[in-house]
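None of the values given here were measured: they were computed from a predicted structure. Residue numbers start from 1 in every chain, and the chains themselves are labelled A, B, ... in the order their sequence lines are given, proteins ahead of strands.
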Amino acid sequence: MMSARNFPKRMLLPSVLLAALIIIPFSAPLITAEDPIKIAVRYRLAAPDLQHWLGRDEFGRDRLARVLHGGQVSLTVAFVATTIAFIIGTFFGLIGAYFRGPSEFITSRLSDIVLCFPPILLALLVVTLFGPGAGTLVAVLSVLYFPTFARITFSEALRVTSLDFVEASRALGTPSRRIVLGTILPNIAGPLSVQYSLTAAAAITIESGLSFLGLGVVPPAPSWGQMIRGARQFMNQDPLGIMIPCAALVLTIYAINFFCDRLRDTLDPKGASGSGMDEVSKPLALADAPAIRDPNVVAVINKLRLETTRFGTPAAVIEDVSLTLRANECTALVGESGSGKSLSSLALMGLLPGAIRQASGTLQLRRKTGEVVDLGFLDARTLENIRGNDIAMIFQEPMTSLNPIHKISDQMIEAIQAHRPMSKSDARAHAIQLLKRVGMNDAERRIDSYPDQMSGGMRQRVMIGMALTCEPRLLIADEPTTALDVTIQAEIIELLQTLRQDQGNGLSLLFITHNLGVVADIADRVAVMYSGQIVEEGPANQILRDPHHPYTRALIESMPSSHEGLHSTDGDRLPAISGTPPLPSARPSGCAFRDRCPIAMPTCAEIRPVLYPSADGERAVRCLRAPEAPAGLMKNHQTEAA
Amino acid sequence: MTAAPLLDVQNLEKSYSIGRTGLFSKRSLKVLHDVSFSVAPGEVLGLVGESGSGKSTIGRAILRLIDSQSDVMRFGGQDLNSISTVQMRSLRKEMQIIFQDPYASLNPRKTIRAVLSEALDAHGLHKGAARGPRLIELVTLVGLDPSFLDRRPHEFSGGQRQRIGIARALAVEPSFIVCDEAVSALDVSIQAQILNLLADLRAKTGVSLLFISHDLSVVRYISDRVMVLYLGRVMEVGPADQVHFSPKHPYTAALVSAEPSLHRESRRIRLTGEIPSPLALPSGCIFRSRCPYAQPACAETVPPLQTAGDQHQSACLRTDIL
C-alpha cells in the first residue's frame, strides 16, 4: 500500500505526536527514578519541586511517576482490547458480507445480542463475576467493542463486494481468502481506521471510568482512572492533582484521532479531498456586449471564457464560446466528456462549481418581462428567481434529482408554490395538468406515487413537467435521454419536440448530448465542442450531412451506425480518432485538435484558428483548412515563414 | 455452425426470491425464461435488449458468478452444472469478463502491475522472470505504454481504464470473454478505438465473445450473430446483418427503428404502453402488450422460436407481417 520511500508529509506530525505519547509512558524509568507506589505520607499533596516536577499526591507518591506508569496500564489495556475487538469484529464482518447466508446470520445476530446490553452495565457484570484487574478489563472491552467493528466491516464490505472489480477477481478464479484480504479489506481500511481510533479513545475513557469506580485496575497499581479517583477528594485544595491525569487523557485521545484522520486521507488513493478548491467565482466588471435587439432571441452567450486554477496556473476550461439561443428553436451542444458542454450550460444557470471562474465574456438573458440581464453579475437572489422562472434545467438521471422519500405530488406542489403563490389544491391541479402535458396517462392517480414506483422514462417526464412549472423561456436539457432505453429515449425526444413547437410557449431548448443521432432527431442548430471551444456551428442538417471541421467529420465517421456496410468479421475497422482529448492545461499550440487531426499542416501549430463564418453567415468553423477559412491565411503564412 | 460449440446453453432460467407471501411460500421473480443458445469457437454472439431484459444476468450466469438453473450448460466439453468448485476455478482461466464501468471495474488501490499480476497469480502463470515481459506484452497488446504499469487507475482516462480491463481479461489467455456493455460508457471516438481493438484481438487470438450491449449498431458491427431479448425471453436470433436490416420480430423492428440515426429518415414504429412489470407478465407472448400487431391468439400461446431464414429464428406467431 504505502511504501517507506513515499511516506507522505502530512503523516509526519501525527505520527511523531502519537509515537511520543506511546513512548514516553513506557520509558518512565528513564525519566524519573521515583517509585509510583512508594508512600510518603509526610509529603502528601506537596507542591512541585525540582525533584518531583508534578508534585506529590494524597499519599505522598510522586505524581510524574504515577501518570507515566498509569499511562502504561491505560494504553496497554485500551490498545490490546481495541486490537482484539478489531480482529474479531473485522473477521466476522468480512465473512458475513462475502459469504452471506449462515455466516451473515451469525455475524449480525451475535452483534445484535451484545449491542442490546448497555456497555457500562455489561462491564460491571463481568467485573463483578471475575473480579477487577487489567486482564478482566481487556476481556470486557473486547467483547464490548467487537460488534461495532463487525457492523461497520459488514456494511462496508457488502458495498465493496458488489463492485465490478471484486466480481472481476472472482471471475479470474482468485481464491476467496485472497479476495477478502487483498481486495476487500484494503478498500474498507478508511472507515475501519477511523473506527479504530474512536474505539481506542473510548476504551481509554471506559478504562478510566471503571478504575475510577474502583472496578478496573486494582490499587495501588497506578492508572489514570485511579489517579482521578484519588485526586477527586482533594479537588478544592489541589486542582493540579485532577488536571494532570485529565490532561494526559485528552492529549492521548486527541493524538489518536489526529493520527487516524490523517491515515484515512493517506489511504485514499485519490489523496485528500477538497483542499484549496474553495475559490468562489466573482461577478465581472460590466461587459461591453451590445444588448439583444431581436425579440426572438432568448439568450446570448458571447465570447465566454471560464478558468480554473486546478492545474496550478489558471487554465481556460472554456474559451471563446458564443451561442445565440432563439425562441422555438432547439440548439444542440455536442461534445465528448470534458469538452466543456455541461460547463457552458451551468454558466447560464449561474451554477458554476467553486473552482471555476468566469474570466471574461457575457451571458445575456431576455427575461419573460422583456428585461435583458447579464447573468454574469447578478446577485444570488435574482439568480434564484431566474432559475425556474426564466430558465429551467433537466438532468441525465431523474432519480437523483427527485427525492425518493416524498411523493411526486408533494415535490411538484412544493416546486409550484415556491414560484407562484397559490393554494395547495390549486397547485395540485396545476401539477396534474403539467403531468398530462408531458404525456402521463392517469395523472390524477399516478401523481401520488413515489419516484421508485415509476420507470426511468416516467421519472424523466415528471422532471420535464416540473421544469415547465413556471413556463420558462429557456429549457436546458443535459443528456436527458442518456440513461434511458432507446424506445423510451425516442418517446422523450418526441415529447420535447412537441413542447417546443407548442406555439404559445415559445420555448428555447438547449440540448446537451454526446449522441449525434439524437442531434439529428431533435436539433435545429448544432454547436460541436472540442476541448473547451466550439469548433463548428450551424444548422443541424447542414453540419451533420456535410461537416467541415475534421473533428466533426471524425466523430460522425467513428459511429458504427454511420457504416451500415462495415462488419468487423470482414476485416473492416471503424475509422477511429487516435489519442485522447488534451487536458485544459496541456492543449497543443495553435489548433487544439491538430495532434489528432488527419489533415493537420505545420501552420496549424502556429495559428490559433477562430470561428470562420461561411459566406451566408449560416455556419462557422474553427479550422484553417475549412472552405470558410480566409483563402489567403494559410498561403500568406507560408510565404511569411519562407 | 458445424464445429462443436464452445458454449452450449439449454433452457437457462433464473429466479430471484423477493420476500415471502406466507410462512412457507416464497415469492419469486423470474428474470430469465427458457433461454437457449450456443457460441462456436471464435464466434461473436451479440446480446441486445433494453434494461431488465436479462442480458447481463445471462453473462454472469455462464461465468457462475450467480446461481442459475439450466438443463444443459456445457463449456468446452465440461458440464458447468455438475462441475466442482476446484475444477471451476481452473476453468475460469478460459472464461473472462469485461465490465461496463471502467471506473468501478478496477481496484483503486492497486497499480496496473498488481491488477494484471492478480490474474496471472490466480492460475500460476508466467512466474518469476517471465512475469515482467508478459506484463509489458499485455499492456502493449491493448495499446498502452509499458510505463503505465506502476500507476494507479485514477491516473487514467475512461478509455485507458477500459483497455486495462481488457488486458486483465486477456492475461490468462481465455477462449471466451463476456463483454458486458464494454463500450457503452465510452465517448464515441474512444468507443471506436475499443471496438477495433476487440475486433483485432478476436482476429489474432480466435477468442469467442458474448457481446452484451443495448446499442444495436455497435452489436451489428462486432457480432456474427445477434440474439434479441425482451423481459428475459429470446425474441429473435440470427446473423447480425439480417437481424438488423430485416428483422423478423416486431420488437426487434421497433428497437432498430427507435435508434437515433444520422442518415435514415426515421420511420419509427411506435410501441404502446410501458414495459410490463416482471411480476405481472402478460400471458402468451410477453411482448403483446406493446406490440402494434398483436392479435387475440397472441394471448394464448407462448410463441416458440421458429425458423425465419437461414440460421435465423423468431418467436412471433405473426409470420405474415415482416
Side-chain angles (χ1 to χ4, degrees), chain A residues 1 163-175 178 182-183 186-187 267 269-270 336-337 455-458 485-490 493-494 514-521 544-545 554-564 566-569 571-578 580, chain B residues 44 50-51 63 65 89-90 92-93 95-97 99 101 104-109 118-119 121-123 152 154 157-160 165 168 172 187-193 195-196 199 202-203 214 216-218 220-222 224 240-241 245 254-255 258-263 266 268 271 274-275:
Chain A
M1 285 291 93
L163 293 178
D164 285 348
F165 60 82
V166 176
E167 195 123 284
S169 289
R170 291 175 60 204
L172 282 170
T174 308
R178 283 233 294 266
T183 303
N187 275 295
L267 287 178
K270 291 183 220 51
E336 299 183 272
S337 42
S455 64
M458 271 304 147
D485 285 320
V486 276
T487 53
I488 311 297
Q489 166 172 286
I493 288 174
E494 202 162 282
H514 68 279
N515 188 330
L516 288 166
V518 171
V519 174
D521 271 357
L544 294 179
R545 269 174 216 289
L555 261 192
I556 293 173
E557 283 293 304
S558 56
M559 290 164 59
S561 56
S562 310
H563 306 280
E564 303 208 317
L566 288 193
H567 201 282
S568 69
T569 45
D572 300 328
R573 294 294 175 264
L574 296 167
I577 314 176
S578 61
T580 47
Chain B
V44 181
E50 296 180 279
S51 45
L63 294 179
L65 292 173
R89 186 165 293 155
S90 60
R92 292 210 178 279
K93 189 178 131 9
M95 316 166 83
Q96 278 304 307
I97 182 165
F99 294 93
D101 182 357
S105 61
L106 297 175
N107 186 341
R109 295 182 178 277
E118 180 190 345
D121 284 337
H123 299 282
R152 282 178 221 281
H154 67 90
S157 69
Q160 287 170 327
R168 171 175 61 193
V172 293
D187 279 320
V188 196
S189 70
I190 311 298
Q191 174 177 302
Q193 292 175 11
L195 283 174
N196 286 346
R202 183 258 190 122
H214 66 276
L216 287 105
S217 300
V218 166
R220 186 207 62 76
Y221 165 74
I222 196 89
D224 296 297
D241 282 346
F245 297 121
L255 267 188
E259 182 132 281
S261 161
L262 286 182
H263 309 297
S266 61
R268 196 161 78 79
L271 295 183
E274 287 176 52
I275 300 180

### Message
Using side-chain contact (heavy atoms from CB on, under 4.5 Å), reason through B:Ile97 and A:Glu167 one step at a time and then give a plain yes or no.
### Response
CA-CA 9 Å; B:Ile97 182 165; A:Glu167 195 123 284; 5.6 Å; no
* To do: Carefully, step by step, assess B:Gln96 and A:Leu172 under the rule side-chain contact (heavy atoms from CB on, under 4.5 Å).
  => CA-CA 7 Å; B:Gln96 278 304 307; A:Leu172 282 170; 3.3 Å; yes
Note to self: side-chain contact (heavy atoms from CB on, under 4.5 Å), that's the test. Do B:Asn107 and A:Asn187 meet it? Break it down for me.
What the structure shows: CA-CA 8 Å; B:Asn107 186 341; A:Asn187 275 295; 2.8 Å; yes
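For the atom pair CG of B:Asp241 and OG1 of A:Thr569, the computed distance is 8.0 Å after rounding to the nearest 0.5 Å. Residue A:Thr183 holds its OG1 atom at 11.5 Å from CZ of B:Arg109, rounded to the nearest 0.5 Å. Separation of atoms CD1 (B:Ile222) and CG (A:Leu566) is listed at 11.5 Å; rounding is to 0.5 Å. With rounding to the nearest 0.5 angstrom, the CZ atom of B:Arg168 is 6.5 Å from the OG atom of A:Ser169.
Using a 4.5 Å cut-off between heavy atoms, A:Glu494 contacts chain B through its side chain alone, with no backbone atom that close. Using a 4.5 Å cut-off between heavy atoms, A:Ala168 contacts chain B through both its backbone and its side chain. Only the backbone of B:Leu106 comes within less than 4.5 Å of a heavy atom in chain A; its side chain stays farther off. Contact of B:Ala119 with chain A is made through backbone and side chain together, with heavy-atom distances under 4.5 Å. At a 4.5 Å heavy-atom cutoff, the contact between B:Ser51 and chain A is made by backbone and side-chain atoms alike.
Residue A:Phe165 comes nearest to B:Pro108 through the heavy atom pair CE2-CD, 3.6 Å, listed as atom of the first residue, atom of the second, then distance. For A:Glu336 against B:Asp187, the heavy-atom pair with the smallest separation is OE2-CB, 3.1 Å. Nearest approach of A:His567 to B:Arg220, heavy atoms of both residues: NE2-O, 2.9 Å. Considering all non-hydrogen atoms of both residues, B:Gln191 and A:Pro560 come closest at NE2-CD, 3.9 Å. Minimum heavy-atom separation, B:Leu255 to A:Thr487: CD2-CG2, 4.0 Å. Pairing each heavy atom of A:Ala576 with each of B:Ala192, the nearest pair is CB-CB, 3.7 Å.
Residues that satisfy the side-chain contact (heavy atoms from CB on, under 4.5 Å) test with B:His214, not counting sequence neighbours, are B:Lys55, B:Glu181, B:Ser184.
Per-residue heavy-atom pair counts under 4.5 Å with chain A were compared for B:Val44, B:Leu65, B:Asp121, B:Val172, and the maximum is reached by B:Leu65.
For A:Ser561 and B:Glu259, the side-chain atoms include no donor-acceptor pair closer than 3.5 Å.
Panel note: side chain A:Asp164, backbone B:Ala104; no donor-acceptor pair is recorded below 3.5 Å. Side chain of B:Tyr221 to main chain of A:His563: no donor-acceptor pair is present (N/O by atom type, distance under 3.5 Å, no hydrogens or angles).
Two residues are said to be in side-chain contact when any heavy atoms from C-beta on lie closer than 4.5 Å; B:Leu63 and A:Arg170 fail this criterion.
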